[in-house]
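The structure appears right after this line, and notes come after that.
Start at 1 and go down the list; that is how both ligands and their atoms are numbered.
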Amino acid sequence: MPRLALLGPPGAGKGTQGRALAERLRIPWIATGDILRQSVAAGSEVGRAAQPYIEAGDLVPDDVMVGVIRTRLQAPDAREGYILDGFPRTVPQAEALDEMLEALGQNLDHVVQIHVDKEVLVERLSGRLICRDCGTAYHIRLSPPAKDRICDQCGGELYQREDDEEETVRSRLAVFGERTQPLAEYYRQAGLYREVDGDRPPAEVLAGILEAIGQS
Ligand code: AMP
């Protein structure tokens, strides 16, 4: 099974696609943003270190993130492939990941960037609602739940992420352009990089990703 990293700006659909790919390929979906939000809620050391950066729409320092991923990749369920969503986000993170994988005798098989234009992202993020229990994403206008603020999948409560507020969204998009976009070149040079159009219905994006990784 593949070891896959999903790249793309906030709001591109990495979470939606990561979850769908994990189900389809039966490998874990590892979303660093979710791990950090759980750590903040639990009040752990990682959570306390990460919280101010998340609230500002900035990146959590590389050493914290590399520690989080190092621990997660050592879990038994990560032996036979996984989907990384939200990691790596900087070139030093990508270099640290390469070193970690080499030490484990593994390598990344594919890096897929989900491309969506900036104006679409701002609209998507500013209306986004997320289920507190299962993490499914909705949009107030574009894909509303059947019942107000209730998840169609599991009945959980839907909430707006604090960092989806418009000003923070703009910082997150700027940070993506400056710090994460250079990864496209990094992985292009490694021969792993593919890009798919993310401005389509989720099922079509999923089909595009599966085709890009030779699993369709
Ligand atoms: P996400 O849920 O992927 O949008 O991540 C939410 C926030 O968590 C980001 O805006 C960052 O503050 C932080 N974060 C998640 N993954 C990383 C990472 N790989 N490097 C640095 N910060 C991260």
Side-chain angles (χ1 to χ4, degrees), residues 3-19 21-22 28-42 44-73 78 82-101 108 111-114 116 118 120-122 124-132 134-139 158-184 186-187 198:
R3 296 189 183 89
L4 162 70
L6 290 178
L7 298 183
K14 298 188 299 295
T16 300
Q17 297 301 329
R19 169 196 301 278
L21 285 163
W29 164 46
I30 300 177
T32 46
D34 284 350
I35 295 174
L36 292 176
R37 281 184 290 278
Q38 283 158 13
S39 306
V40 170
S44 70
E45 199 180 322
V46 164
R48 287 197 301 276
Q51 190 169 17
Y53 296 95
I54 297 176
E55 281 175 5
D58 208 343
L59 293 185
V60 174
D62 289 334
D63 57 337
V64 176
M65 296 314 303
V66 170
V68 165
I69 278 293
R70 192 185 299 282
T71 306
R72 183 62 186 90
L73 293 190
Y82 41 75
I83 296 147
L84 294 178
D85 158 4
F87 186 96
R89 255 176 159 102
T90 65
V91 170
Q93 288 181 16
E95 290 168 346
L97 178 63
D98 284 346
E99 276 172 31
M100 247 182 262
L101 293 178
L108 270 186
V111 175
V112 178
Q113 165 118 282
I114 306 177
V116 177
K118 192 167 166 188
V120 177
L121 294 170
V122 173
R124 280 188 183 183
L125 290 166
S126 60
R128 177 161 77 167
L129 293 172
I130 311 248
C131 176
R132 242 182 235 295
C134 75
T136 299
Y138 297 83
H139 190 279
L158 305 184
Y159 78 109
Q160 180 168 35
R161 266 172 56 175
E162 257 176 60
D163 61 349
D164 280 348
E165 188 249 325
E166 184 162 342
E167 199 186 324
T168 315
V169 162
R170 295 207 180 269
S171 318
R172 287 162 65 206
L173 291 174
V175 166
F176 174 80
E178 284 161 26
R179 313 265 311 270
T180 308
Q181 198 51 48
L183 288 179
Y186 182 90
Y187 285 119

Without placing hydrogens or testing angles, list every side-chain donor-acceptor pair under 3.5 Å for residues 30-39, not counting sequence neighbours.
from, atom 1, to, atom 2, distance (Å)
T32, OG1, G86, O, 3.0
D34, OD1, R37, NH2, 2.6
S39, OG, I35, O, 2.8

Could you note down all residue pairs passing side-chain hydrogen bond (donor to acceptor under 3.5 Å, both in side chains) where residues 84-94 supplies at least one of them, sequence neighbours left out?
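Listed once each, the pairs are W29-D85, D62-T90, D62-Q93.
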
Going by side-chain hydrogen bond (donor to acceptor under 3.5 Å, both in side chains), name the pairs with one or both residues in residues 3-19, residues two or more places apart or in two chains.
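Sorted result for residues 3-19: R3-Q106.
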
Around Y53, counting heavy atoms of other residues, nucleotides and ligands shown, do more than 12 lie under 6.0 Å from its OH?
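No, not enclosed.
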
Q113 CD to Y187 OH distance, which is reported to the nearest 0.5 Å:
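Between atom CD of Q113 and atom OH of Y187 there are 12.0 Å.
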
List, ordered by chain and residue number, the protein residues whose closest non-hydrogen atom lies under 4.0 Å from any atom of ligand 1.
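Shell around ligand 1 (4.0 Å, heavy atoms): T32, G33, L36, R37, I54, D58, L59, V60, M65, G86, F87, R89, Q93, R161, D163, R172.
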
Less than 4.5 Å apart, side chain to side chain, heavy atoms only: is that true for L21 and L6?
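Yes, their side chains come closer than 4.5 Å.
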
